[in-house]
Amino acid sequence: IDQLRSFVESTKNARADFSQTVTGKSGRKPQQSSGQMMFARPGKFRWVYDKPYPQLLIGDGRKLWVYDPDLKQVSVRPLGQALGSSPAALLAGEHEIEKNFHLAEGGSRDGLDWVEAKPKNPDAGFERMRIGFGGSELRAMEIFDNFGQTTLIRFSAFERNPALPASLFRFVPPKGADVVGE
Amino acid sequence: CASLPPPAPVSASAESFALSGRLSLRQGEMRHHVGISWRHEPARDEIFVSGPLGQGLAELTRDATGARLLTADRKVVTAPDWESLAERALGARLPLSNLPHWVVAVPPAPTFDVDGWRIEVREVADGRPALIELRRDDIEAVLRIDSWAP
């Protein structure tokens, strides 16, 4: 947990590549995806999927924008509660992570030191999460949703506190995209 | 076609398939954009609805005993017919009982009308529909099929 706290304290913003594997329970084929992520505290993050198809998620501090260029579909919803207990919250959330999560030592496995984080908000949409550190560096996140699915995200090429232009965390709907508001 | 046709006995296609893709739905002002993975067999269907980061939003299953919807906040809802449950999971009422026929094979005519639905197969990939548009009254659905599992 100290590693998590020191990570949050020392990492104002960050950028990393990620690979993500979602394994379902009923023998569904695991879904692989990959891309880049970056965040800037408080509340700003950018999650870019390249594979299997392009998709862009931007938390601009107030709203969560999701853009699917293939279907020209933009959906937007308030970030507030979603950020409070979603995996992105830990990365880009305010400092007081304990406010939104019960934290517990997760022991060491696969060469990483893990922290268990259980959302305090019962309808957070996922059951619990584990965050893996290599020393003081964020290396992995494992999200267990309420359907027996596990999303494992592995980070690489992690850059701590790079200069990130604010424009990265603003979303301007492209012309012709159908904006879906909720 | 003022009223919905009586729910046809589930004559889902004899084909069994498993597909994963994305569904974007618009009904009037309401719009949804979700990930879909659908495992279909004549006697059983399972549709898993997921959000942008892959996290589960809803799981809809149908079999001889009826239909069941499991939601992200762990509520379970059952109903005799699954199209009404699907409306809750997907955000609009879709012709789920007939959809299996339309996703497995490229129709002779890319655009056709069934039960008041205008179906348009806009893209085909290795012999199967890859992008299907369904329109009826104020509902507009676009189903992108990204991959097929045996």
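Lettering of chains follows the sequences in order, A, B, ..., and the numbering in each one begins at 1. Because the structure is a prediction, the values reported are computed rather than measured.
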Quiz item: Please, which pairs that meet ring pair (Phe, Tyr, Trp, His ring centres under 6.0 Å) have at least one residue in residues 50-76 of chain B, sequence neighbours excluded?
Solution: none
ILVMFWY cluster, [X] and [Y] together (side-chain gap under 4.5 Å):
{"X": "A/Tyr67", "Y": "A/Leu168", "result": "no"}
{"X": "A/Phe155", "Y": "A/Phe39", "result": "yes"}
{"X": "A/Ile131", "Y": "A/Leu152", "result": "no"}
{"X": "B/Ile145", "Y": "B/Ile119", "result": "yes"}
{"X": "A/Ile58", "Y": "A/Leu164", "result": "no"}

Quiz prompt | Toward chain A, the part of B/Ser20 with a non-hydrogen atom under 4.5 Å | solution = side chain
Quiz item: So what's closer than 4.5 Å to chain A heavy atoms on B/Leu57: side chain, backbone, both or neither?
Solution: backbone
Quiz prompt | Portion of A/Tyr49 that has a non-hydrogen atom of chain B nearer than 4.5 angstrom | solution = side chain
Self-check item: A/Asp145 side chain to B/Gly56 backbone, donor-acceptor under 3.5 Å
Solution: yes
Quiz prompt | Any donor-acceptor N/O pair, A/Asn146 side chain to B/Asp73 backbone, under 3.5 Å | solution = no
Self-check item: Residue pair A/Phe147 / B/Glu59: nearest heavy atoms and the distance that separates them
Solution: CE2-N, 3.6 Å
Self-check item: Closest non-hydrogen atom pair, B/Asp146 against A/Tyr53
Solution: OD2-CE2, 3.3 Å
Quiz item: A/Gln31 and B/Ser37: side chain to side chain contact (heavy atoms under 4.5 Å, CB included), yes or no, with the steps?
Solution: CA-CA 10 Å; A/Gln31 283 147 358; B/Ser37 90; 4.3 Å; yes
Practice problem: May I ask you to test the B/Ser24-A/Lys72 pair for a side-chain heavy-atom distance under 4.5 Å? | Solution: no
Quiz prompt | Interatomic distance, A/Gln55 atom CD to B/His33 atom NE2 [nearest 0.5 angstrom] | solution = 5.0 Å
Exercise. For chain B, find its close neighbours in residues 109-118 of chain A: heavy-atom separation under 4.5 Å, sorted by number, or none.
Key: none
Quiz item: Can B/Arg22 and A/Asp70 be counted as an ion pair, charged N to O under 4.0 angstrom?
Solution: yes
